**Student:** 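One structure coming up, written as structure tokens, with questions to follow.
Reckoned from all heavy atoms, side chains included, excluding hydrogens, waters and symmetry mates. None of the values given here were measured: they were computed from a predicted structure. Just follow the structure's listing: the first ligand is 1, and inside any ligand the first atom is 1.
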Amino acid sequence: MKLIRTENYAEMSLEAGKIIVDKVRSNPILTLGLATGSTPKGVYDYLIQDHEANRTTYTKVKSVNLDEYIGLPAKDPNSYHYFMNQTLFKHLDISENDTHIPNGTASDLEQECLRYEQLIKELGGVDLQLLGIGQNGHIGFNEPGTAFSSRTHIVTLAQNTREANSRFFNSLEEVPTHAITMGIASILDSKEILLLVSGERKAEALNRFVNGEISEDFPASALKYHENVTVIADRDALKYI
Ligand code: F6R
């Protein structure tokens, strides 16, 4: 595991953005694994600015997102479909058909999980997976206790995850209780992983990730089984390290 220490959120985003742009330029047909939430927003801003300034092109890039809430249609401003379209996709030249996110309103959700897992396989797997981390160590929406062997599946969101994400909703009650997420094994199949960690709120989780044991009680610890993980963290997140 490689650890890149940065001063702040802006520098973390810049470092991650540069890595992604380099990959896209050297392999214009790659498959990117993408995340939502507050952490990757600065990276997405960087990709957009670079696309405008340097014409990095995404016409042959494919993307797969980690997760989606169950019950929120793509047009719902709190859905991850909506987030990705507004925050990134509509600003790049990536084709809508090449961006993939689990469908949280599928009539058969179990079937949707199988379809998504198969789709990732058909795309040749994820070349570079971007990850954030939850305060409880979740990656994607794989909450503590998730089997490391898990594939794309339906999850019940932990109460503290719903509370953390309620900042995007009008109230806690509006936060969906379930989601579809790529599993831990699906994530570990990625050829390369970039884990971004920012802010004091994540300091304990980062400390446990770096210094703690590998355990299903702390999903991110599975990343230690992966041979190509780069963690980019800012000073506040590195408080205990
Ligand atoms: C989002 C995701 C989650 C987030 C995590 C951190 O697609 O899979 O694991 O990365 O909840 O969220 P933020 O970045 O909002 O602190």
**Student:** For D234, is there an ion pair with K239 - N to carboxylate O distance below 4.0 angstrom?
**Tutor:** no

**Student:** What do you reckon, is CD1 of I29 surrounded by more than 12 foreign heavy atoms closer than 6.0 Å?
**Tutor:** no

**Student:** Hey, what's the ring geometry for F83 with Y44, parallel, tilted or perpendicular (30° and 60° as the breaks)?
**Tutor:** perpendicular

**Student:** Between atom OH of Y116 and atom CD1 of I101, what is the distance when rounded to the nearest 0.5 Å?
**Tutor:** 7.0 Å

**Student:** Using 30° and 60° as the class boundaries, would you call the ring planes of Y69 and F169 parallel, tilted or perpendicular?
**Tutor:** perpendicular

**Student:** Between ligand 1 and the protein, find all N/O pairs closer than 3.5 Å and give the distance for each.
**Tutor:**
from     : atom 1 : to   : atom 2 : distance (Å)
ligand 1 : 7 (O)  : T36  : N      : 2.9
ligand 1 : 7 (O)  : T36  : OG1    : 2.8
ligand 1 : 7 (O)  : D67  : OD1    : 2.8
ligand 1 : 7 (O)  : D67  : OD2    : 3.4
ligand 1 : 8 (O)  : D67  : OD2    : 2.7
ligand 1 : 8 (O)  : G140 : O      : 3.4
ligand 1 : 9 (O)  : G140 : N      : 3.4
ligand 1 : 9 (O)  : G140 : O      : 2.7
ligand 1 : 11 (O) : H138 : NE2    : 2.7
ligand 1 : 14 (O) : S38  : N      : 3.3
ligand 1 : 14 (O) : T39  : N      : 2.9
ligand 1 : 14 (O) : T39  : OG1    : 2.4
ligand 1 : 15 (O) : S38  : N      : 2.8
ligand 1 : 15 (O) : R167 : NH2    : 2.9
ligand 1 : 16 (O) : R201 : NH2    : 3.1
ligand 1 : 16 (O) : K202 : NZ     : 2.7

**Student:** For the CZ atom on R162, are there more than 12 heavy atoms of other groups (residues, nucleotides or ligands in this structure) within a distance under 6.0 Å?
**Tutor:** yes

